[in-house]
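Heads up: the structure comes next, in C-alpha cells.
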Amino acid sequence: MTATDTDTIVAIATAPGAGGVGVVRLSGPRSRAIAEALCGCALVPRHAHYVRLRAGEETIDDGLALYFAAPASFTGEHVVELQAHGSPVVLQRLVAECCTRGARHARPGEFSERAFLNGKLDLAQAEAVADLIAAGDTRAARAARRALDGVFSQRVDALATELLHLRIHVEAAIDFADESLDTLGGRELREGLARATSTVATLLAEAERGRKLRDGLHAVIVGPPNAGKSSLLNALAGSERAIVTDIAGTTRDLLHETVRLDGAELTLVDTAGLREGGDAIEREGMRRARDELQGADLAIVVLDARDPESGRTAVADAIADVPRRLWIHNKSDLLPHAPHDTDPDTVHVSARTGAGLDALHARLRTLSGAEAADAGEGTFTARARHVDALARTAAHLHDAAAQLDADALELAAESLRAGHDALGEITGRVVPDALLGHIFGSFCIGK
Ligand SMILES: Nc1nc2c(ncn2[C@@H]2O[C@H](COP(=O)(O)OP(=O)(O)OP(=O)(O)O)[C@@H](O)[C@H]2O)c(=O)[nH]1
Ligand SMILES: [K+]
Ligand SMILES: [Mg+2]
C-alpha cells in the first residue's frame, strides 16, 4: 500500500481524562490539508505554528500545530499533531472536525501498524513502543527503550544473515551431490552452524530475561500442607493476604499477588498443599495447584526445615516441568541452630520471625532478571512470542546439525529454512521471494 491510497486517520494521542495539554494526531495523505482547514493557515514542516483551531467560524481552542512531511514522521506518512488544552471535550471536538473534513477514527495501534508497514519500525520495535508506554519502572522503561532503539532487532538481523549464508552454502552443496561434503566446505559449514547455535542460545537467554522484566516472573509457591506457604506469601507481600491456620489443608483456591522487590516485579501464587487424599474441595485445590505450575517460570517449594525430605517427595512430580526451583526450608526458628546456606537455590527462612527473608529477596531479584538489567548487561524487553520464536529457531538448528552429520543435505536445508523463518517472525522480515533471488544471485561454487 502506498501513502496516497490509504485513509487519513485521526485519534487523541494523549491519555484519557483532563490534562494541561492534549494532543490530537493525524496521519495519512490528507492530514496536512485537513489540519490547514482547522488552523486557517499553511503549515510548514517541522515548524511550531501558534494557531486558532476552528470548526467553521467557531473557535474550538487555540494551540500549536506541528506538521511532519512524509516520510520523515513516526508513521512514514504525512503527520500533523495538534496541541490544545487537555480537555476531553475540546479534543473530541477537534477529532470530530477532522472527521468531517475527511479523516476517520484510527483503530487501536494503527499508527504503529502504519509505521511498521512503511518500514519505520520492525515488529519487535513496534512492540517496544507499547512496552515503553506501559513500563512500570525505570528498568522496564530503559529495557523497552533499548528494544525500540533496535538493540534486539539488530542482533536478530545479524543472526538471520548468518543463517542465510549457511542456507546458501547448503543449497549450493546440494547441487554438487556427487561430491563429498568435505570438499564443499563441510567443516566451515559445521563451524558456522555451531556459532549460530551458540548465538541463538545467548539471545534466547537474554530474551527470556527481557520477558521476565516485562511480564514479571511467574512464581508458584508449592509444598506439603502446613509448611508455611501462605505465611511466606504474606511475608513477601508485606500484608496478611492469605489465611494462615495450623490446620493442614487451609488453602484451597489459588491466590495471586503481585510483588515488587526493589523494582523487580513478580507474580506470586499461593496454592493448596500437595498430599495424598483430602476431601473433594482440597483435591480440587491440588488440581488447580498442579495446573498453575504448568505455566510457571519458578516453583518456590516450601518445606518444613525440620523434615524437608518428605515434602520434596510430595511435590516431585508436580514440579517436574517447571524450569527453575527454589527450595525454601521454612520454620528455621524451630531448628536448634541456624544453618548456613551454601547452595544458592536453597534458602532457610522463618516466615514467622523474618529470618532469611533478605537472602530470599536477593535470590528472587536475581531470578527475575532485574539484577542483570542493573548490571547493565544490555537487557532489552522481549515478549513470550519472541522467546518462543527463538526456542523454535534453536530446535531447527539442532536438527540441522544432526542432519549435516548424517549427510542429509536436503533435510538440513529444510531445517535451516524453518529456523530462518522462525527467526524472521520476530522482526516480521520473512521474505521468501527476496531470499530465493539472493540464493540464486549471489552464489555458485566454481561455476
Ligand atoms: N514456628 C513457625 N511457624 C510457622 C512458620 N511459618 C508458618 N508457621 C505456622 O505453620 C502453620 C501453617 O502455616 P500456613 O502458612 O497456613 O501453611 P500452608 O503451607 O499455607 O498450609 P496449607 O494452606 O494448609 O497447605 C501456621 O500455624 C503458621 O503459623 C515459621 O516460620 N515458624
Ligand atoms: K495451614
Ligand atoms: Mg496455605
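Index from 1, following the sequence. Counting convention: from 1, in listed order, for ligands and their atoms alike.
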ask   = From the K ion (ligand 2) out to just under 3.4 Å, does an N/O/S atom of Asn226 turn up?
value = yes

inquiry  = With side-chain contact (heavy atoms from CB on, under 4.5 Å) as the criterion, how do Glu292 and His218 come out once you've worked through the C-alpha distance, each side chain's angles and the decisive distance to 0.1 Å?
reply    = CA-CA 10 Å; Glu292 187 70 16; His218 178 196; 2.8 Å; yes

task = Return the orientation label for the His348 and His329 ring planes: parallel under 30°, perpendicular over 60°, tilted otherwise.
result = tilted

query = Angle at the K ion (ligand 2) between O of Ile247 and OG1 of Thr250, to 10°?
reply = 50°

inquiry  = Under 4.0 Å between a side-chain nitrogen and a carboxylate oxygen: does that hold for Asp345 and Arg325?
reply    = no

request  = Sort out the contact shell of ligand 1: every protein residue with a heavy-atom distance below 4.0 Å, listed by chain and number.
outcome  = Pro225, Asn226, Ala227, Gly228, Lys229, Ser230, Ser231, Val244, Thr245, Asp246, Ile247, Ala248, Gly249, Thr250, Thr251, Gly273, Asn330, Lys331, Asp333, Leu334, Ser350, Ala351, Arg352

inquiry  = Any N/O/S atom, side chain or main chain, of Ser231 closer to the Mg ion (ligand 3) than 2.8 Å?
reply    = no

message = Looking at Arg104 and Glu110, is any side-chain nitrogen of the basic one under 4.0 Å from a carboxylate oxygen of the acidic one?
response = yes

inquiry  = So if I apply the salt bridge (Lys or Arg N to Asp or Glu O under 4.0 Å) rule between Arg211 and each of Asp297, Asp131, Asp388, which one comes out positive?
reply    = Asp297

key: From CA spacing to verdict: salt bridge (charged side-chain N to carboxylate O under 4.0 Å, His left out), Arg187, Glu191   = CA-CA 6 Å; Arg187 220 190 75 198; Glu191 283 170 2; 3.2 Å; yes

query = Is Thr251 close enough to the Mg ion (ligand 3) to have an N, O or S atom under 2.8 Å?
reply = yes

query = Cut-off 3.5 Å, side chains only: do Ser231 and Asn234 have a donor facing an acceptor?
reply = no

task = Please confirm whether Arg46 makes a cation-pi placement over Phe68, using NZ or CZ under 6.0 Å from the six-membered ring centre and within 45° of the ring normal.
result = no

